[in-house]
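Naming convention: chains lettered A, B, ... in sequence-line order (proteins, then strands); numbering from 1 in each chain. No experiment lies behind these values; they were computed from the predicted model shown. Any value given below was found using the heavy atoms of this structure, including those in side chains, with hydrogens, waters and symmetry copies removed.
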Amino acid sequence: MDYQFKDIEKKWQEFWALNHTFKADNHTDKPKYYVLDMFPYPSGAGLHVGHPLGYIASDIFARYKRLKGFNVLHPMGYDSFGLPAEQYAIQTGQHPALTTEANINTYRRQLDQIGFSFDWSREVRTSSPDFYKWTQWIFMQLFNSWYNKAADKAESIEKLVKHFEENGSAGIDAVCDDDVLAFSAAEWKALGNREQQEELLKYRLTYLRESTVNWCAALGTVLANDEVKDGFSERGGYPVEQKKMMQWSMRITAYAERLLQGLDKIDWPEPLKEMQRNWIGKSTGASVRFQIAEDGGQTSDFRLLTSDYIEVFTTRVDTIFGVTFLVLAPEHELVPALTTPGQKAEIDAYIAQTKKKSELDRMADAKTVSGAFTGSYVINPVNDEKVPLYIADYVLAGYGTGAVMAVPSGDQRDYLFAKHFNLPIVPIMDIQQIETEADPTKEGRYINSDFMNGLNYKEGTAKVIAYLEEKGQGKAKINYRMRDAIFGRQRYWGEPVPVYFKEGLPYLIDEKDLPLVLPEIDKYLPTETGEPPLARAEGWKYKPAVGAGNSLSFGEGRGEAYEYELSTMPGWAGSSWYWYRYMDAHNNEEFASKDAIAYWKDVDLYIGGSEHATGHLLYSRFWNKFLVDMGLGIEEEPFKKLINQGHIQGRSSFVYRLIDTEGRGTNTFVSHGLIKQYKTSELHVDVNIVDNDILDIDKFRAWREEYKDAEFILENGKYVCGVEIEKMSKSKYNVVNPDVLVERYGADTLRMYEMFLGPLEQSKPWNTNGIEGVFKFLRKFWKLFHDEQFNFRVTDTEPTKAELKSLHKIIRKVEEDIERFSFNTSVSSFMIAVNELTDLKCSKRSILQDLVVVLSPYAPHICEELWVLLGNRAGSLSHTPYPKFNPEYLVEDEFSYPISINGKTKMNLNISLSLESAAIESFVLASPDVQKYLDGKTPKKVIVVKGRIVNMVL
RNA sequence: GCUCAGAUGGUGGAACUGGUAGACACGCAGGACUUAAAAUCCUGUUCCCGUUAAAGGAGUGCGGGUUCGAUUCCCGCUCUGAGUACCA
């Protein structure tokens with residue numbers, strides 16, 4: 001029989017499913033290997049050819065590792081909470097669970113037909129209560145924890161309470177809110193429950209706090225920074241504004257340093273690590289206190305000041321003698337109190353102007369200098385000079401302390417500001433050039449700097465910090481750019497937060513009441529009063545067991561009902577720990593058993609896109625570190641090795657509609673080569689009715705009613721379409737569906753072609769043009785095992801040297817390629833090997849059997865079929881050992897030997913391998929070809945590499 | 001602006017530690033088989049000059065450098081893509 005991929009693929013996919021061929025075992029003597037894909041959000045559009053790219057690569061790796069004797073965990077699931085299903089629900093009224101279920105079924109069907117070796121018995125869905133029960137449970141653990149800086153780990157809140165009861169707040173070094181109180185043990189005990197709970201909230205790792213959030217009115221929800229692009233929501237493109245709200249947050253900043261340090265220990269792409277480093281944004285510097293001058297023209301509000309100094313953060317404390325003014329962010333809390341009556345009008349106008357400016361304007365305006373003088377002055381702690389205090393929008397309220405010390409000689413923004421407001425510019429380095437711009441040099445020696453004069457950067461910095469510490473007006477400080485992560489969405493389709501409110505304070509529900517299942521509601525919109533959709537749920541109230549407080553004992557009966565939290569968790573909650581669930585997916589007692597975690601530990605190989613660099617991949621590392629602190633996880637880093645697969649872009653096709661004299665579109669279309677002669681407008685056209693950039697005119701007319709009578713202006717009798725590379729999306733009509741390709745060429749061809757397309761990590765446009773080549777290869781491979789009439793035929797005679805050479809070349813090559821994730825080059829090598837064996841008319845069983853094993857990770861279906869035809873037990877292929885490479889077969893008697901003369905002239909000599917190195921040299925020199933060039937002379941220099949002459953210089 | 005990645009034939013790409021640049025595939029051209037087409041197979045295919053064949057020259061974004069020898073290493077530049085954005 002000819003290569004019947006349809007029957008073969010169906011047969012083996014059914015076989016694998018029926019026999020649970022890829023079910024991973026939690027108890028074996030084999031070494032473990034955990035291969036994970038970033039699980040997909042099941043969108044309504046289904047899979048396009050870009051999605052499987054990473055899955056195919058991980059599947060090849062997983063199958064290869066099985067052949068290498070590992071117990072492989074290779075699971076798949078769905079990140080199934082998310083906005084699109086909810087948007088769809090709002091429009092149609094269809095419950096998001098139904099939409100999600102339908103989409104998952106489509107995904108599953110599409111995934112199955114590509115022949116992945118997933119262990120589906122471990123499937124997870126973040127929107128299933130069995131799963132989100134544990135997301136809620138981890139939330140509770142975070143709520144019940146605080147970060148002890150002294151121990152550098154998270155600890156139970158009970159431990160903190162105990163400390164407060166015994167010692168008060170003394171001796172606690174925690175990551176917490178800025179406004180924590182100082183109290184004695186007695187004072188703590190004297191506080192009421194309410195005050196105590198309020199205080200504890202400032203320490204908890206999930207906490208409720210008023211914070212500025214990205215509010216998207218159109219979506220009715222809060223968005224994370226990485227979900228906002230240029231002031232618009234990433235999904236939908238709606239405007240986003242800044243708004244103050246009570247919000248759940250996660251104290252990820254507690255882990256900033258560990259998240260940074262951990263990057264050095266993991267095998268991730270360097271650019272991705274760099275992105276995380278930038279996101280964490282560590283900067284080392286100092287914080288300095290500038291006393292507010294009392295004769296600086298105070299306001300009537302001066303007595304209302306909460307402090308009598310302004311704290312700034314600087315990375316260049318050594319330049320402090322060059323400070324000629326201070327600048328506060330317009331939003332800084334001290335601004336009203338520090339504005340003198342004479343300056344009030346100007347300051348208020350400036351603040352009003354800043355508020356009006358959107359993010360976008362503020363960015364566009366980056367080069368224009370603006371600001372206003374408060375009328376107040378502060379004292380420079382190193383020389384007691386009075387410097388004026390300004391506000392300006394180039395200082396950001398959210399970074400550092402929202403205040404900067406301005407050194408115009410060393411910082412360009414300060415320089416421009418000083419020029420604009422006519423403020424002095426004092427050089428502080430002997431080699432500083434400041435005629436036209438600031439010079440931030442660290443070279444040279446200090447001048448105009450009193451006790452620092454003559455010192456260099458290193459000495460000066462140390463000295464000034466020591467001086468400030470001595471005076472109590474400054475200290476070395478490390479600052480991070482990263483903010484705590486907002487952990488709440490005013491949305492329906494997410495995990496409910498397992499919290500209820502009693503007298504305005506949040507309490508956890510009892511663990512026994514998990515999961516807190518998402519209630520049914522009639523409409524998926526916010527309420528008329530602007531509350532989240534969950535406010536619509538009837539009886540959405542919690543009745544704590546009688547006598548229950550937070551983490552106290554529970555009685556039998558249920559008491560009064562209290563309001564639940566109405567917001568739900570953000571999209572990244574479930575994905576921040578899901579890899580643990582795969583280890584023990586059906587456990588009802590724990591998120592995963594200690595046993596399972598001890599065995600699988602961490603993910604050995606994680607494949608996914610780089611777009612998750614500062615979202616999912618950072619949050620996951622954070623939750624993992626927390627779980628390790630709790631003694632629940634083992635490895636400090638969850639993903640040992642990470643590969644970013646590139647994005648497959650769409651290749652959009654365009655037609656050009658003729659515009660008539662009145663500027664209206666006509667029903668005439670101009671071929672791409674002629675558009676310069678006409679006035680046209682560009683329209684996307686479905687890539688499925690375009691072949692090799694030539695439009696199928698009949699299909700175009702049938703595509704849409706409005707094009708039924710379309711006319712065309714052709715070139716060379718053809719309508720040529722324009723082409724552009726864009727993101728693959730439905731609206732651009734450039735989506736290529738893998739189903740079509742599987743139907744036409746089969747899964748094995750699709751798998752190999754996606755790998756053949758280019759390096760895994762590189763982004764590239766999808767182009768189906770070369771797929772025929774891979775398909776031809778598989779047919780050729782099939783033919784190796786069959787005679788002309790397609791009867792299966794192999795022989796048991798001894799293989800020849802040439803056959804063994806071909807085989808062992810491919811054994812070694814594939815092993816090397818897979819280990820370094822160079823899947824594209826092994827596809828080429830397979831083609832070479834099969835071409836060689838075809839030329840040799842090889843039909844030796846021993847050769848072909850090994851070849852099947854080597855190819856099986858790439859093209860599993862055809863290999864399983866041939867494996868059985870070769871007389872092996874069905875299903876045994878996936879655990880057959882990978883053939884052992886024997887270098888002996890690659891040794892040759894004679895090799896073709898390239899030589900250059902003067903680095904240029906090239907020639908080939910055939911040299912016997914039996915010659916010794918020294919003999920080779922004389923052989924080469926004596927050869928007539930070489931002699932012709934040497935012309936009787938001896939070469940000046942002979943370059944020998946690995947015992948071979950490669951070049952001779954005359 | 002800053003950070004990172006990249007640039008090789010008509011196209012996707014290969015060349016792993018500096019050692020025959022263009023593997024493999026697509027496309028294209030020619031041929032075989034066929035009444036014909038499809039499928040299959042064979043030959044050629046970096047460019048220039050030349051051509052019966054040969055021989056020669058140039059060549060990995062641009063300009064330099066190191067080296068016997070550079071797609072590979074170093075310096076400067078151009079362009080493309082990604083991330084980030086007044087971070088003190």
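Base pairing annotation: C47(B) forms a Watson-Crick or G-U wobble pair with G57(B), both donor-acceptor distances under 3.5 Å. Nucleotide G22(B): unpaired (no Watson-Crick or G-U wobble partner with both distances less than 3.5 Å). Pairing for U40(B) goes to A32(B), judged as Watson-Crick or G-U wobble with the two contacts each under 3.5 Å. A 3.5 Å limit on both hydrogen-bonding distances identifies no Watson-Crick or G-U partner for C16(B). Both distances falling under 3.5 Å, in either a Watson-Crick or a G-U wobble arrangement, occur for no nucleotide opposite G69(B). With a cut-off of 3.5 Å on both Watson-Crick or G-U wobble distances, the partner of U52(B) is given as none. Base-pair partner of U3(B): A82(B) (Watson-Crick or G-U wobble, both distances under 3.5 Å).
Of the C1' atoms belonging to G10(B) and G44(B), the separation is 15 Å, rounded to the nearest Å. A21(B) and C75(B) are spaced 25 Å apart, taking the C1' atom of each and rounding to whole Å. Separating the C1' atom of A25(B) from that of A14(B) is a span of 11 Å, rounded to the nearest Å. Between A23(B) and U11(B), the distance separating the two P atoms is 15 Å to the nearest Å. Taking atom P on both nucleotides, C48(B) is separated from G59(B) by 15 Å, rounded to a whole Å. Rounded to whole Å, the separation between the C1' atoms of G81(B) and C28(B) comes to 30 Å. On the P atoms, C77(B) is 12 Å away from G1(B), given to the nearest whole Å. Nucleotides G19(B) and C26(B) have their C1' atoms positioned 30 Å apart, rounded to a whole Å.
Neither side chain, Tyr457(A) nor Thr319(A), offers a donor N or O lying under 3.5 Å from an acceptor on the other. Using modelled atom types and a 3.5 Å distance limit, the side chains of Thr825(A) and Ser822(A) yield a donor-acceptor pair. The closest side-chain donor-acceptor pair between Ser370(A) and Tyr350(A) falls under 3.5 angstrom. For the 3.5 Å distance criterion, the side chains of Tyr394(A) and Asp414(A) qualify, holding a donor opposite an acceptor. No hydrogens or angles considered: nothing links the side chains of Lys282(A) and Asn479(A) as a donor-acceptor pair under 3.5 Å. For the residue pair His647(A)/Glu611(A), the side-chain donor-acceptor check at 3.5 Å is satisfied. Looking at Tyr858(A) and Ser826(A), their side chains do bring a donor and an acceptor atom within 3.5 Å of each other.
As rounded to whole Å, 21 Å separates atom P of U11(B) from atom CD1 of Ile771(A). Atom CG in Leu760(A) sits about 19 Å away from atom P in C16(B), given to the nearest Å. The CD atom of Glu772(A) sits 16 Å away from the C1' atom of C24(B) (whole-angstrom rounding). Between the OH atom of Tyr753(A) and the P atom of C26(B) there is a distance of 10 Å, given to the nearest Å. In this structure, CZ of Phe777(A) is placed 20 Å from P of A39(B), rounded to the nearest angstrom. Going from atom CG of Asp817(A) over to atom C1' of A15(B) covers 13 Å, rounded to whole Å. G13(B) atom P lies 14 Å from atom CD of Glu754(A), rounded to whole Å. The CG atom of Asn769(A) sits 13 Å away from the C1' atom of C28(B) (whole-angstrom rounding).
Among the atoms of the strands shown, none is found under 4.0 Å from any heavy atom of Pro765(A). At the heavy-atom level, Asn824(A) lies under 4.0 Å from the strands shown only through sugar-phosphate atoms. Among the heavy atoms of the strands lying under 4.0 Å from Arg779(A) are primed sugar atoms or P, OP1, OP2 only; no base atom is included. Here Asn479(A) lies out of heavy-atom contact (under 4.0 Å) with every strand. Gln762(A) comes within 4.0 angstrom of the backbone, heavy atoms only, and of no base.
Anti is the conformation of G57(B), whose glycosidic angle sits further than 90° from 0.
Minimum atom distance to the side chain of Arg413(A) is reached by C86(B), of the listed A14(B), C86(B), C41(B). Closest to the side chain of Arg820(A), from the set A15(B), A88(B), C24(B), is A15(B). The side chain of Thr315(A) approaches A88(B) more closely than any other nucleotide in the set C86(B), A14(B), A88(B). The side chain of Lys813(A) lies closest to C16(B), out of C26(B), C16(B), U84(B). Taking the side chain of Arg481(A) as heavy atoms from C-beta on, and the options U84(B), U3(B), A25(B), the nearest nucleotide is U84(B). Checked against A88(B), A15(B), G12(B), the side chain of Thr825(A) finds its nearest nucleotide in A15(B). Closest to the Ile832(A) side chain, of the nucleotides C24(B), A5(B), C26(B), is C24(B). Of the candidates C16(B), A5(B), A88(B), C16(B) carries the atom nearest the Glu816(A) side chain, counting heavy atoms from C-beta on. With C86(B), C41(B), U3(B) as the candidates, the nucleotide lying closest to the side chain of Lys780(A) is C41(B). With C24(B), C86(B), U3(B) as the choices, the nucleotide that has an atom nearest any side-chain atom of Leu396(A) turns out to be C86(B).
In terms of phosphate contacts, Asn835(A) brings a side-chain nitrogen or oxygen within less than 4.0 Å of OP1 or OP2 of A25(B). Within the 4.0 Å cut-off from OP1 or OP2 of A88(B), at least one side-chain nitrogen or oxygen of Tyr399(A) is found.
Checked for salt-bridge contact, Arg277(A) and Asp264(A) meet the test: a charged N lies under 4.0 Å from a carboxylate O.
Comparing Phe313(A) and Gln649(A), the nucleotide of RNA chain B nearest to each residue sits closer to the 5' end for Gln649(A). Where Met275(A) and Gly770(A) meet RNA chain B, the nucleotide closest to each residue was compared, and Gly770(A) sits on the side nearer the 5' end.
Between Tyr309(A) and Phe290(A), the ring centre distance reaches or exceeds 6.0 Å.
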